Amino acid sequence: QLQLVESGGGLVQPGGSLRLSCAASGFTSDYYAIGWFRQVPGKEREGVSCFSSDGGDINYADSVMGRFTISRDNAKNTMYLQMNSLKPEDTANYYCAATKTFGRGYCDTKAEHYNIWGQGTQVTVSS
């Protein structure tokens, strides 16, 4: 059974960069799409980015396009979210997630389509 453990959150200045990591264990032969999500108190969980199991489809929320990059390193069993040009409105608890819902070449960032979640890591963007 796939399990996810996140790391890399912290406090950064506006305009700074941060890379989140999500280590995966318990792989099976099934293909998983991966996603990154974020949530602040009182708001719905927001999809940030997704990466299909075969790399054929990558999507980003409009709010992060051009600033965030999702990637996965199969050899290290790790997925990443590189965050550049960070803004205060990026402050949130960030979660990685995985799912077998999609076909190998597709993904979306709807939280209800994901069933395996990391524990979350806090990102705070402030001067």
Side-chain angles (χ1 to χ4, degrees):
Q1 184 174 343
L2 184 66
Q3 294 181 312
L4 307 175
V5 179
E6 302 178 16
S7 62
L11 175 65
V12 296
Q13 299 180 68
S17 297
L18 195 66
R19 187 178 73 166
L20 306 183
S21 299
C22 181
S25 62
F27 282 107
T28 71
S29 61
D30 297 318
Y31 289 96
Y32 292 88
I34 59 170
W36 286 93
F37 298 80
R38 64 188 183 186
Q39 189 169 27
V40 299
K43 295 186 177 181
E44 296 290 327
R45 188 165 295 186
E46 176 189 16
V48 174
S49 182
C50 70
F51 194 132
S52 65
S53 61
D54 69 351
D57 194 29
I58 299 174
N59 293 298
Y60 297 94
D62 289 343
S63 58
V64 307
M65 287 187 66
R67 300 188 297 119
F68 290 12
T69 303
I70 190 172
S71 62
R72 62 196 300 175
D73 187 333
N74 291 332
K76 296 181 179 180
N77 297 325
T78 303
M79 58 195 83
Y80 304 96
L81 185 68
Q82 178 67 46
M83 304 183 293
N84 299 324
S85 302
L86 283 162
K87 305 175 181 180
E89 53 262 44
D90 295 319
T91 296
N93 201 19
Y94 282 72
Y95 300 85
C96 61
T99 184
K100 296 188 292 184
T101 296
F102 311 111
R104 297 198 314 274
Y106 302 93
C107 72
D108 66 31
T109 56
K110 295 181 178 179
E112 61 265 31
H113 291 163
Y114 293 78
N115 64 324
I116 301 172
W117 294 86
Q119 79 285 358
T121 185
Q122 180 67 34
V123 172
T124 301
V125 184
S126 176
S127 298

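Values reported hereafter were calculated over all heavy atoms of this structure, with side chains retained and with hydrogens, waters and symmetry mates removed. Nothing here was measured: the structure is a model prediction, and the numbers come from that model.
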_I'd like to know if Tyr106 and Tyr31 are part of one continuous hydrophobic network [Ile/Leu/Val/Met/Phe/Trp/Tyr, side-chain heavy atoms within less than 4.5 Å]._
no

Taken to the nearest 0.5 Å, the spacing of Tyr60 OH from Arg67 CZ works out to 12.0 Å

Do the non-hydrogen side-chain atoms of Met83 and Leu20 ever get within less than 4.5 Å of each other? yes

Smallest heavy-atom separation, Tyr95 atom then Gln119 atom, equals CE2-O, 3.7 Å

Residues passing the side chain to side chain contact (heavy atoms under 4.5 Å, CB included) test with Val40, sequence neighbours excluded, are Lys43, Ala92

For residues 78-88, the side-chain hydrogen bond (donor to acceptor under 3.5 Å, both in side chains) pairs (sequence neighbours left out) are Ser17-Asn84, Gln82-Asn84

dist Glu6:CD -> Asn93:CG (nearest 0.5 Å) comes out at 7.5 Å

| message | Do Val5 and Leu2 land in one hydrophobic cluster if side-chain heavy atoms of ILVMFWY residues count as linked below 4.5 Å? | response | no

Nearest heavy-atom approach of Ser53 to Gly103 is OG-O, 4.5 Å

In short, Leu86 meets Val12 closest at the heavy-atom pair CD1-CG2, 3.4 Å

Sorted by chain and number, sequence neighbours left out, salt bridge (Lys or Arg N to Asp or Glu O under 4.0 Å) with Arg38 holds for Glu46, Asp90

NE2 of His113 to SG of Cys50, rounded to nearest 0.5 Å, is 11.0 Å

### Query
Linking I/L/V/M/F/W/Y whenever any side-chain heavy atoms sit under 4.5 Å apart, do Phe51 and Ile116 land together?
yes

With sequence neighbours left out, the residues meeting salt bridge (Lys or Arg N to Asp or Glu O under 4.0 Å) with Asp57 are none

More than 12 heavy atoms of other residues, nucleotides or ligands under 6.0 Å from CD of Glu89: yes or no? yes

### Message
Is there a path of hydrophobic side-chain contacts, each under 4.5 Å between heavy atoms of I/L/V/M/F/W/Y residues, joining Phe68 to Phe37?
### Response
no

For Cys22 and Leu4 the tightest heavy-atom approach is SG-CB, 3.6 Å

When every non-hydrogen atom of Thr109 is compared with those of Ser49, the smallest separation belongs to CG2-C, 3.5 Å

For Met79 and Cys96 the tightest heavy-atom approach is SD-CB, 4.3 Å

By side chain to side chain contact (heavy atoms under 4.5 Å, CB included), Thr99 pairs with (sequence neighbours left out) Ala33, Thr101, Phe102, Tyr114, Asn115

Residues pairing under salt bridge (Lys or Arg N to Asp or Glu O under 4.0 Å) where one sits in residues 102-117, two or more places apart or in two chains, turn out to be none

